Amino acid sequence: MPRLLLLGGTREALDLAQVASGNPRLEIVSSLAGRTRAPAHIPGEVRVGGFGGAEGLARYLEAQPIDLLVDATHPFAETMAGNAAEACREAGVPRLKLLRPAWNRQAGDRWIEVDSAEQAAEALPDPARRVFLTIGQRDLQAFARHPEVWFLVRLIDPPDLPLPLARHELLLGRGPFAEADEIALLRAHRIEALVAKNSGGKLTHAKIAAARRLGLPVVMRRRPQAPPGETVETVDQALARIAARAAEHP
Ligand code: NAP
């Protein structure tokens, strides 16, 4: 029976595991980095924690052995995506990337597109003094250079360390968010600009639509380039490719 390694940490990976685990012709191991404190229940075998770089992952693929790797990590999980590509090359294991489409700028959007957290901090529109940050904990440090700005910071989990921002309020929450709620949130906090990553997908798009509705600027971090290779955009497309691979398996 083919054994599949599913690199997860996204809604798509969870949906994929839920459907694919019902396929009696497949064995699935889901892998999480271990960042989220209370991850959703994933059916089937689950492993948590890093592999030890591309080299460690290549050894894992060989030891299991794994017949197909599906990289369904977040579009900004750049290191893991690169490691997966390198490890699969080294171990001779086929790899499929599941990458949801990016959001596209629409009429009425006031996006300022940047390529890093540092550029995002530099590009904060002046004189925005109340800014909504939804970029994850790791990238907050870049905004410490703005003690004059008050930040509303939304994270999934409580942070491990105090936030490196002089003036802020912390909000905990996990999508999906509704547009009406996001509009109410932006109004209640008198937000003047947002900073977001172009994650794509529906779960967190409401804030972008809310900003458009209120005419607010969004400093939008562009995605890193995904490694070249076979890529699909939806869970259904990934399931079809996996089923085809399983059928080919001796
Ligand atoms: P990253 O920077 O690309 O990866 C850093 C290291 O974390 C990797 O080298 C690997 O450690 C480990 N790792 C990452 N994903 C893993 C997985 N699915 N299974 C096992 N180890 C994993 O990753 P990240 O951006 O911190 O993301 C971590 C996790 O959160 C991913 O599962 C991703 O899908 C999810 N996530 C990320 C974001 C985001 O904005 N970055 C948003 C939502 C969810 P080793 O080198 O030791 O193997």
Side-chain angles (χ1 to χ4, degrees), residues 4-17 20 28-40 42 44-64 66 68-91 93 95-100 102-103 114-117 120 133-143 153-157 159-161 172-177 194-205 207-208 219-227 231 235 238:
L4 183 152
L5 177 65
L6 175 57
L7 301 178
T10 56
R11 178 74 222 188
E12 288 84 351
L14 178 62
D15 291 347
L16 195 55
I28 300 186
V29 185
S30 291
S31 175
L32 297 176
R35 304 265 197 281
T36 307
R37 285 189 202 164
I42 304 172
E45 195 178 327
V46 179
R47 63 163 302 290
V48 180
F51 297 93
E55 187 60 27
L57 178 55
R59 298 291 83 80
Y60 176 90
L61 297 175
E62 288 162 352
Q64 286 284 307
I66 294 293
L68 172 65
L69 180 146
V70 178
D71 175 5
T73 55
H74 190 270
F76 280 84
E78 189 178 5
T79 306
M80 189 70 247
N83 288 352
E86 194 180 325
C88 284
R89 241 187 339 265
E90 195 179 320
V93 170
R95 176 182 60 93
L96 177 68
K97 175 81 190 163
L98 169 53
L99 187 64
R100 59 175 96 124
W103 298 318
V114 297
D115 288 312
S116 66
L133 291 181
T134 58
I135 51 164
Q137 191 184 343
R138 201 166 41 180
D139 289 333
L140 293 177
Q141 183 63 46
F143 294 86
V153 179
R154 185 162 65 199
L155 299 176
I156 293 177
D157 282 316
D160 314 317
L161 298 168
L172 298 179
R174 184 199 295 261
F177 302 103
L194 288 73
V195 183
K197 289 175 174 172
N198 194 335
S199 297
K202 292 185 188 148
L203 283 184
T204 59
H205 182 259
K207 65 188 172 213
I208 307 303
V219 180
M220 181 69 84
R221 188 164 160 198
R222 290 189 196 95
R223 289 174 170 201
Q225 187 75 38
T231 303
V235 171

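All values below come from the heavy atoms of this structure, side chains included, with hydrogens, waters and symmetry mates left out. Note that ligands are numbered from 1 as they come in the structure, with each ligand's atoms numbered from 1 the same way. Since this is a predicted model, take the numbers as computed values, not measurements.
Nearest-residue assignment for atom 2 (O) of ligand 1 (options Arg138, Arg221, Met80, Glu78; heavy-atom criterion): Arg138. Across the listed options Pro224, Gly49, Gly56, Gly49 owns the non-hydrogen atom lying nearest to atom 21 (N) of ligand 1. When the heavy atoms of Ala33, Ala54, Ser31 are ranked by distance to atom 28 (C) of ligand 1, first place goes to Ala33. Heavy-atom proximity to atom 41 (N) of ligand 1, evaluated over Phe51, Phe76, Tyr60, is greatest for Phe76.
Between Leu7 and ligand 1, not a single N/O pair is under 3.5 Å apart. Of the polar atoms of Gly53, at least one N or O is found under 3.5 Å from an N or O of ligand 1, judged by distance alone. Of the polar atoms of Arg35, at least one N or O is found under 3.5 Å from an N or O of ligand 1, judged by distance alone. By the 3.5 Å distance cut-off applied to N or O atoms, Ala77 is counted among the residues near ligand 1. Of the N or O atoms in His74, one or more lie within a sub-3.5 Å distance of an N or O in ligand 1.
Of the protein's non-hydrogen atoms, Gly50 CA, 3.6 Å is the one closest to atom 11 (O) of ligand 1. For atom 47 (O) of ligand 1, the closest heavy atom belonging to the protein is Gly52 N, 2.9 Å.
For Asp160 and Arg37, the salt-bridge test passes: some basic side-chain N is under 4.0 Å from an acidic carboxylate O. Checked for salt-bridge contact, Arg59 and Glu62 meet the test: a charged N lies under 4.0 Å from a carboxylate O.
Taking both residues in full, the closest heavy atoms of Leu16 and Leu98 are given as CD2-CD2, 4.2 Å, listed atom of the first, atom of the second, then distance.
Note that atom 30 (O) of ligand 1 has no protein non-hydrogen atoms nearby, at separations under 4.0 angstrom.
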